[in-house]
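Input: a single structure, listed below in structure tokens.
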Amino acid sequence: MTRRKRRNHSPAFKAKVALAAVRGERTLADLAEQFDVHPNQIQDWKKKLVQEAEHVFGVRAVEAAQSADERQKLHAKIGQLAMENDFLSTALGHGR
């Protein structure tokens with residue numbers, strides 16, 4: 001009997017399977033057959049999804065908002081520096 005080559009599933013696939021398991025509309029055996037994944041693997045992905053779900057609304061959401069604010073400030077600074085550079089270049093006669 002030959003062993004199947006080890007597969008690496010994408011995060012999107014794992015999320016899809018774990019969400020199907022969380023919904024509980026089908027048994028793990030049915031999901032395993034549908035997605036061609038071992039039931040223990042589905043159980044692990046489901047457990048991880050449930051444990052990490054608080055981060056979607058918690059710490060990571062706050063970090064994302066802070067990084068968006070920081071990004072906006074940096075873009076404003078880049079714009080300011082570009083204007084100053086253009087002004088100085090024109091004032092020194094390099095812009096001609």
Side-chain angles (χ1 to χ4, degrees):
M1 186 168 143
T2 61
R3 293 187 67 185
R4 182 172 22 185
K5 183 182 174 198
R6 185 180 180 103
R7 296 179 291 171
N8 292 321
H9 299 289
S10 70
F13 178 78
K14 292 175 184 179
K16 178 180 174 181
V17 175
L19 283 172
V22 168
R23 283 188 202 108
E25 296 170 354
R26 300 180 69 188
T27 65
L28 284 179
D30 290 340
L31 292 173
E33 185 177 326
Q34 177 184 351
F35 293 109
D36 192 29
V37 178
H38 196 277
N40 291 344
Q41 186 66 68
I42 295 174
Q43 188 66 29
D44 290 344
W45 292 343
K46 176 183 173 184
K47 188 185 308 180
K48 184 170 183 173
L49 176 67
V50 170
Q51 289 172 349
E52 305 271 330
E54 68 185 55
H55 295 294
V56 172
F57 301 105
V59 175
R60 291 186 183 155
V62 172
E63 289 173 356
Q66 288 173 345
S67 71
D69 290 342
E70 175 122 3
R71 189 177 315 120
Q72 187 176 12
K73 289 176 187 176
L74 291 173
H75 282 288
K77 186 66 173 179
I78 290 170
Q80 177 189 355
L81 292 173
M83 285 179 29
E84 289 174 4
N85 193 17
D86 289 344
F87 174 77
L88 291 173
S89 179
T90 303
L92 294 174
H94 296 280
R96 295 182 191 172

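What you see below is based on every heavy atom in this structure, not just the backbone, and it leaves out hydrogens, waters and symmetry mates. It should be emphasised that the depicted structure is a prediction, and the values quoted were computed from it without experimental measurement.
H38 meets the ring pair (Phe, Tyr, Trp, His ring centres under 6.0 Å) test with no other residue; sequence neighbours excluded. Scanning for ring pair (Phe, Tyr, Trp, His ring centres under 6.0 Å) contacts around F87 gives an empty result, with sequence neighbours left out. By the salt bridge (Lys or Arg N to Asp or Glu O under 4.0 Å) test, D69 pairs with no residue at all, sequence neighbours left out. Not a single salt bridge (Lys or Arg N to Asp or Glu O under 4.0 Å) links R71 to another residue, sequence neighbours left out.
Distance CD/E52 to NZ/K47: 13.0 Å, rounded to 0.5 Å.
Contact record, F35 with A20: CE1-CB, 4.3 Å, taken as the closest heavy-atom pair. In terms of heavy atoms, L28 sits closest to Q43 at CD1-OE1, 3.1 Å.
At a threshold of 4.5 Å between side-chain heavy atoms, the hydrophobic network of Ile, Leu, Val, Met, Phe, Trp and Tyr places L31 and V22 in two separate groups. Hydrophobic clustering (side-chain heavy atoms under 4.5 Å, transitive across Ile, Leu, Val, Met, Phe, Trp, Tyr) groups I42 together with F13.
Counting heavy atoms from C-beta on, the side chains of V17 and Q41 never come closer than 4.5 Å.
Under the side chain to side chain contact (heavy atoms under 4.5 Å, CB included) test applied with W45, the options V50, V37, N40 reduce to a single match, V37.
Residue pairs meeting the side chain to side chain donor-acceptor pair (under 3.5 Å) criterion with at least one partner in residues 9-27, sequence neighbours excluded, are R26-Q34, T27-D30. Sorted by first and then second residue, the side chain to side chain donor-acceptor pair (under 3.5 Å) pairs involving residues 76-86 (not counting sequence neighbours) are Q80-E84.
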